[in-house]
Amino acid sequence: MPKQYFYITTPIYYVNGAPHLGHAYTSTAADVLARWNRLEGHDVFFLTGTDEHGQKVEAAARLAGVEPQVFTDRVSADFQDMARVMNISNDDFIRTTEPRHKEAAQAIWLKLQENGFIYLGKYEGWYSVRDEAFYDEDELTIKPDGTKAAPTGAPVEWVIEPSYFFKLSAFQDRLLEFYAANPGFIAPPSKRNEVHNFVKSGLRDLSVSRTSFSWGIPVPGDEAHVMYVWMDALVNYLTACGYPDMTGPRAGYWPASLHLVGKEIIRFHAVYWPAFLMAADLPLPERVFSHGWWTVEGEKMSKSLGNFIDVRPLVAEFGLDPVRYFLLREVPFGNDGDFSRKALIGRINSDLANGLGNLAQRTLSFIAKNAGAVVPPKGELCEPDCVLLALAGELPEKVRGAMTRLAFHEALDETWRLIRAADGYIDHQAPWSLRKTDPERMNTVLYTLCAVLRTVAVVLQAFMPELMNRLLDYLGVGAERGLAILDTPLLEGMALPAPAGLFPRIQDA
RNA sequence: GGCGGCGUAGCUCAGCGGUAGAGCAGGGGAAUCAUAAUCCCUUGGUCGGAGGUUCAAAUCCUUCCGCCGCUACCA
């Protein structure tokens with residue numbers, strides 16, 4: 001079977017603020033999918049990065065008293081640090097200030113222009129100098145003296161500035177046809193309906209250049225303009241594949257298998273981006289998946305509350321893999337969720353320490369003390385062994401199904417069904433009693449448990465890579481650790497190292 | 001205003017036409033290999049309210065109440 005390509009992206013994160021829980025969430029989810037596909041033996045390309053142009057960055061740099069490039073270098077490094085701390089296995093980290101990206105963005109611009117989808121017009125509207133933003137007529141309020149004001153109370157003036165436009169209006173029907181022909185393109189389904197309705201309600205041409213600031217990629221041939229940030233940013237997914245050279249080593253990864261995005265940017269990925277690609281005669285990504293937002297202790301993360309959570313202190317306190325587990329287990333992917341210490345500690349103690357961790361420890365330490373510290377020899381299997389092993393045998397397929405739908409919580413729930421069954425099995429088989437009455441049977445029970453633990457560990461590597469690697473070490477599993485090894489039985493007689501607890505219980509008031 | 005979603009056990013949610021389910025939390029018992037972890041049993045819901053369709057409705061329809069999302073240049 002030929003290797004299957006899997007190209008997955010996170011959004012490139014905007015560098016006008018520090019990385020927080022939301023960014024870590026997207027990256028972790030993407031990482032789990034990337035790792036899962038590697039376990040499947042697929043050829044994976046996993047991209048993340050930073051989006052560094054635009055007026056807000058220019059303003060943030062000015063506020064920090066440094067040049068934009070210096071500013072973005074600093075913030076981008078912080079995002080890269082977050083990725084390192086979260087053990088994100090990205091194959092590349094793209095920055096929109098890199099020369100390769102400038103080249104790609106300008107190339108696609110020229111392509112769109114050549115194909116007749118870009119024209120020079122003028123952008124006009126009510127502009128507030130103080131807010132540096134345009135407002136719609138219906139957003140404005142009339143002040144007692146008859147002048148108009150922005151929702152922020154700032155005065156506005158009618159401003160006309162030259163701008164290049166993208167003929168988005170030309171793509172309405174093609175987009176609708178595409179959605180109809182590819183019902184899986186936008187997920188979850190509720191988002192598909194929203195996007196569909198948006199497009200159906202009519203598309204206006206999109207202003208894709210600015211002259212009011214300069215921190216951006218110059219429009220080819222008219223350097224008074226810089227490219228609109230989204231026009232610039234979305235192209236990153238192509239840049240990383242080598243665009244405009246689509247014959248290079250990475251060209252085969254395009255089109256992307258999946259763009260993972262937060263729900264606030266679904267439209268850019270599900271409407272503008274496909275339209276740009278159609279206009280440039282390029283194939284469209286297979287899927288755009290929009291996930292939800294986290295509240296923190298019941299409250300929305302916001303500047304005014306100052307409650308943005310940085311995951312790095314959490315990782316320092318609770319450990320990396322438990323935090324990764326929590327993010328993907330706690331909330332059905334696609335829904336909003338709440339992050340709280342109580343919930344995090346509850347998950348860690350119930351699922352990890354008392355569940356998987358305890359199961360592994362009671363099995364492995366028993367083997368270390370009473371079964372010669374090797375994978376015990378498997379004797380004749382009894383009914384309960386077969387039932388449990390059959391359940392384990394079904395797990396990869398169940399998880400595969402859930403992962404295909406990005407139903408991470410279901411994948412984990414299925415895995416924990418097996419873990420609970422194994423806990424029941426060890427209690428009922430009671431190897432501590434068999435030790436005296438029937439050592440052979442004891443070995444078979446312990447072997448069965450090791451086999452089940454191996455299945456669990458292999459599958460969970462995508463979610464908790466470090467600790468599941470350790471568990472596989474404890475089980476004497478060799479260097480090859482992909483899903484394919486589950487087709488061959490666990491080797492008996494392998495010497496096992498002394499096990500140590502995987503998930504410490506959290507003592508917390 | 002328009003379009004759409006949600007409201008099921010204390011909590012988080014699954015079920016989406018055939019006599020209410022899971023995990024966690026609570027209660028009782030067992031066991032003692034293990035991170036005082038585990039196992040077994042168990043309490044608990046007129047499935048937001050009211051109408052209707054049907055032999056049969058959390059499950060379909062109507063309506064009301066309460067939340068929430070989208071409604072173009074905001075990362």
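None of these values were measured; they are calculated from a predicted model. Excluded from the calculations below are hydrogen atoms, water molecules and symmetry mates; all remaining heavy atoms, backbone and side chain alike, are included. Chain identifiers are assigned alphabetically (A, B, ...) following the order of the sequence lines, protein sequences preceding nucleic acid strands; residue numbering begins at 1 within each chain.
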Notebook entry, point to check: Does the pair A:Thr72 and A:Thr97 meet the rule for a side-chain hydrogen bond (donor to acceptor under 3.5 Å, both in side chains), with working shown?
Noted result: CA-CA 9 Å; A:Thr72 61; A:Thr97 49; 4.7 Å; no

Choose from [options] the nucleotide whose nearest atom is closest to any side-chain atom of [X].
{"X": "A:Phe198", "options": "B:A25, B:A72, B:U38", "answer": "B:A72"}
{"X": "A:Arg267", "options": "B:G69, B:A34, B:A72", "answer": "B:A72"}
{"X": "A:His428", "options": "B:U35, B:C39, B:C70", "answer": "B:C39"}
{"X": "A:Arg420", "options": "B:A34, B:C39, B:A25", "answer": "B:C39"}
{"X": "A:Trp432", "options": "B:C73, B:A34, B:A31", "answer": "B:A31"}
{"X": "A:Leu206", "options": "B:U35, B:C73, B:C74", "answer": "B:C73"}
{"X": "A:Tyr272", "options": "B:C33, B:A72, B:C70", "answer": "B:A72"}
{"X": "A:Asn197", "options": "B:A72, B:C3, B:U38", "answer": "B:C3"}
{"X": "A:Ile426", "options": "B:C24, B:C33, B:C73", "answer": "B:C33"}
{"X": "A:Asp423", "options": "B:U38, B:A34, B:U71", "answer": "B:U38"}

Expressed as a whole number of Å, how far does the [atom1] atom of [N] sit from that of [M]?
{"N": "B:U19", "M": "B:C55", "atom1": "C1'", "result": "14 Å"}
{"N": "B:A34", "M": "B:G18", "atom1": "C1'", "result": "45 Å"}
{"N": "B:C39", "M": "B:A58", "atom1": "P", "result": "33 Å"}
{"N": "B:C47", "M": "B:C3", "atom1": "P", "result": "29 Å"}
{"N": "B:U35", "M": "B:C41", "atom1": "C1'", "result": "25 Å"}
{"N": "B:A57", "M": "B:C13", "atom1": "P", "result": "28 Å"}
{"N": "B:A56", "M": "B:G23", "atom1": "C1'", "result": "31 Å"}
{"N": "B:G4", "M": "B:A9", "atom1": "P", "result": "27 Å"}

Nearest-Å distance, [atom1] ([X]) to [atom2] ([N])?
{"X": "A:His53", "N": "B:C73", "atom1": "NE2", "atom2": "P", "value": "23 Å"}
{"X": "A:Leu352", "N": "B:U38", "atom1": "CG", "atom2": "C1'", "value": "16 Å"}
{"X": "A:Glu194", "N": "B:G4", "atom1": "CD", "atom2": "P", "value": "12 Å"}
{"X": "A:Arg505", "N": "B:U35", "atom1": "CZ", "atom2": "C1'", "value": "8 Å"}
{"X": "A:Leu412", "N": "B:A14", "atom1": "CG", "atom2": "C1'", "value": "16 Å"}
{"X": "A:Tyr425", "N": "B:C33", "atom1": "OH", "atom2": "P", "value": "18 Å"}
{"X": "A:Gln55", "N": "B:C73", "atom1": "CD", "atom2": "P", "value": "14 Å"}
{"X": "A:Ile265", "N": "B:C73", "atom1": "CD1", "atom2": "P", "value": "16 Å"}

Next item on the list: Without swapping roles, check the side chain of A:Glu58 against the backbone of A:Trp215 for a donor-acceptor pair under 3.5 Å.
Entry: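 Between the backbone of A:Trp215 and the side chain of A:Glu58 there is a qualifying donor-acceptor contact (under 3.5 Å).
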
Next item on the list: Output yes when a side-chain donor or acceptor of A:His101 lies under 3.5 Å from a complementary backbone atom of A:Asp232, and no otherwise.
Entry: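 Looks like yes, one N/O pair under 3.5 Å.
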
Using Watson-Crick or G-U wobble geometry with both distances under 3.5 Å, which nucleotide pairs with [N]?
{"N": "B:G1", "answer": "B:U71"}
{"N": "B:A9", "answer": "none"}
{"N": "B:U38", "answer": "B:A30"}
{"N": "B:C16", "answer": "none"}
{"N": "B:A56", "answer": "none"}
{"N": "B:U62", "answer": "B:A50"}

Next item on the list: Report yes if a side-chain nitrogen or oxygen of A:Lys263 is closer than 4.0 Å to either non-bridging phosphate oxygen (OP1 or OP2) of B:C70; otherwise report no.
Entry: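 It does not, given that no N or O in the side chain of A:Lys263 lies less than 4.0 Å from OP1 or OP2 of B:C70.
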
What is the nucleic acid contact for [X], judged by heavy atoms within less than 4.0 Å: base, sugar-phosphate only, or nothing?
{"X": "A:Ala233", "result": "base"}
{"X": "A:Trp416", "result": "nothing"}
{"X": "A:Ser207", "result": "base"}
{"X": "A:Ile12", "result": "nothing"}
{"X": "A:Leu168", "result": "base"}
{"X": "A:Leu203", "result": "base"}
{"X": "A:Gly292", "result": "nothing"}
{"X": "A:Gly424", "result": "sugar-phosphate"}
{"X": "A:Tyr13", "result": "nothing"}
{"X": "A:Arg329", "result": "nothing"}
{"X": "A:Glu264", "result": "nothing"}

Item checked: Syn or anti conformation of B:A58, syn meaning chi within 90° of 0 ->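 That one's syn.
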
In terms of side-chain geometry, is the basic nitrogen of [X] or [Y] positioned less than 4.0 Å from the acidic oxygen of its partner?
{"X": "A:Asp413", "Y": "A:Arg417", "result": "yes"}
{"X": "A:Arg324", "Y": "A:Glu466", "result": "no"}
{"X": "A:Asp336", "Y": "A:Lys300", "result": "no"}

Check: If you measure from the ring centre of A:Phe366 to the centre of the six-membered ring in the base of B:C33, is it under 5.5 Å, with the planes under 30° apart?
Finding: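 A:Phe366 ring does not meet the centre or angle cut-off for B:C33; no stack.
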
Notebook entry, point to check: For RNA chain B, whose closest nucleotide is more 5', that of A:Gln361 or that of A:Pro332?
Noted result: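 Its nucleotide being nearer the 5' end, the pick is A:Pro332.
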
Note to self: Let me spell it out: for each of A:Arg362 and A:Glu330, pick the nucleotide of RNA chain B with the closest heavy atom. Which residue's pick is nearer the 5' end?
What the structure shows: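 Upstream on the strand: A:Glu330.
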
Notebook entry, point to check: Below 4.5 Å, heavy atoms only, C-beta onward: do A:Ile367 and A:Cys450 meet side chain to side chain?
Noted result: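 Of all side-chain heavy-atom pairs linking A:Cys450 with A:Ile367, at least one is under 4.5 Å.
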
Next item on the list: Indicate yes or no: at least one non-hydrogen side-chain atom of A:Tyr119 is less than 4.5 angstrom from one of A:Tyr164.
Entry: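 A:Tyr119 does not reach A:Tyr164 side chain to side chain.
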
Margin query: Would A:Arg210 and A:Tyr123 count as a cation-pi pair here, with the cationic atom under 6.0 angstrom from the ring centre and within 45° of the axis?
Written below: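 The answer is yes; both the distance and angle limits are met.
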
Note to self: Does the plane of the ring in A:Tyr325 sit parallel, tilted or perpendicular to the ring in A:Trp416? Use 30° and 60° as the thresholds.
What the structure shows: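 If you compare the ring of A:Tyr325 with that of A:Trp416, the planes turn out tilted.
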
